[in-house]
Undergrad: 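Starting off with a structure, shown below.
What's counted below: heavy atoms across the whole structure, side chains too, no hydrogens, waters or symmetry copies. Keep in mind it's a predicted model, so treat the numbers as computed, not measured.
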Amino acid sequence: MLSIFDSIPTYMDYKGQKLAEQIFQGIILVSAVIGFVYGMMIEQFGWTVYIMLAGFTVSCVLTLPPWPIYRRHPLVWQPALPESSGDIREKPQENQRKQRKHK
């Protein structure tokens, strides 16, 4: 049953994250302005809060799931280097630590 969830992508690339952040902030800003103006016109602060909550909900639905629009520019990773079969050299710091003897 859990294998169904393995097929669902759960990542966004860096440009997708930037786009999601811009969309989120834009929707919040627009809903805040609309809510403030409408609430001031009818003199009800509650409607301002309701409109802000609606904008927050819409922005969460649009930006929190990793929609395909946020995965258009995947990172291209370099291939892994094969491990050499030769002797493994120690780091210079480790050599210095081994040479010191406490008196």
Side-chain angles (χ1 to χ4, degrees):
M1 180 176 163
L2 293 178
S3 63
I4 295 171
F5 296 116
D6 291 338
S7 65
I8 299 172
T10 58
Y11 66 91
M12 286 186 197
D13 55 39
Y14 290 116
K15 290 184 181 181
Q17 289 176 2
K18 181 179 178 182
L19 178 62
E21 179 70 23
Q22 290 173 343
I23 291 171
F24 184 81
Q25 289 180 358
I27 291 173
I28 293 294
L29 180 66
V30 168
S31 68
V33 170
I34 291 171
F36 179 75
V37 170
Y38 184 72
M40 192 167 63
M41 284 174 42
I42 64 168
E43 297 177 0
Q44 289 289 321
F45 181 71
W47 278 101
T48 302
V49 174
Y50 294 145
I51 293 171
M52 281 288 299
L53 287 174
F56 177 76
T57 304
V58 168
S59 64
C60 285
V61 168
L62 291 177
T63 59
L64 288 179
W67 300 110
I69 191 172
Y70 304 130
R71 292 183 273 124
R72 289 185 178 171
H73 307 283
L75 290 177
V76 180
W77 296 92
Q78 293 183 351
L81 296 174
E83 292 186 23
S84 62
S85 60
D87 60 333
I88 300 173
R89 296 183 182 182
E90 294 179 359
K91 296 178 184 176
Q93 295 91 7
E94 292 177 2
N95 286 337
Q96 292 174 358
R97 288 183 192 154
K98 288 183 179 180
Q99 292 173 358
R100 295 180 189 168
K101 291 187 179 180
H102 297 286
K103 293 183 180 181

Undergrad: Do V58 and L19 land in one hydrophobic cluster if side-chain heavy atoms of ILVMFWY residues count as linked below 4.5 Å?
TA: yes

Undergrad: Flag yes if Y50 and I34 sit in one hydrophobic cluster, no otherwise; membership is Ile, Leu, Val, Met, Phe, Trp, Tyr, and two members link when side-chain heavy atoms are under 4.5 Å apart.
TA: yes

Undergrad: In Å, rounded to the nearest 0.5 Å, how long is the span from OH of Y70 to CG of L62?
TA: 6.0 Å

Undergrad: Please answer: with hydrophobic residues joined when any side-chain heavy atoms are less than 4.5 Å apart, are M12 and L75 in the same cluster?
TA: no

Undergrad: Could you tell me if the side chain of F24 sits less than 4.5 Å from the side chain of F56, heavy atoms only?
TA: yes

Undergrad: Please find the pair of heavy atoms, one from S59 and one from I28, that lie closest to each other, and give the distance.
TA: OG-CD1, 3.8 Å

Undergrad: Answer whether the closest heavy-atom distance between the side chains of D13 and Y11 falls below 4.5 Å.
TA: no

Undergrad: Closest heavy-atom contact between C60 and P65?
TA: O-CD, 3.6 Å

Undergrad: Find the distance between OG1 (T57) and CE (M52) and round it off to the nearest 0.5 Å.
TA: 10.5 Å

Undergrad: Answer yes if V33 and L53 sit in the same cluster of Ile, Leu, Val, Met, Phe, Trp and Tyr residues linked by side chain heavy atoms under 4.5 Å apart, and no otherwise.
TA: no

Undergrad: Check whether the side chains of E21 and Q25 place a donor and an acceptor atom closer than 3.5 Å, and report yes or no.
TA: yes

Undergrad: Please name the pair of heavy atoms, one in V61 and one in W67, separated by the smallest distance, quoted to 0.1 Å.
TA: O-NE1, 3.1 Å

Undergrad: Just wondering, are more than 12 heavy atoms of other shown residues or ligands nearer than 6.0 Å to CZ in R71?
TA: yes

Undergrad: If hydrophobic clusters are built by linking Ile, Leu, Val, Met, Phe, Trp and Tyr wherever their side-chain heavy atoms come under 4.5 Å apart, do W47 and F36 end up in the same one?
TA: no

Undergrad: Evaluate the side-chain proximity of H73 to Y14: yes if any heavy-atom separation is below 4.5 Å, no if none is.
TA: no

Undergrad: Is the closest side-chain heavy-atom distance between T48 and Y38 below 4.5 Å?
TA: no

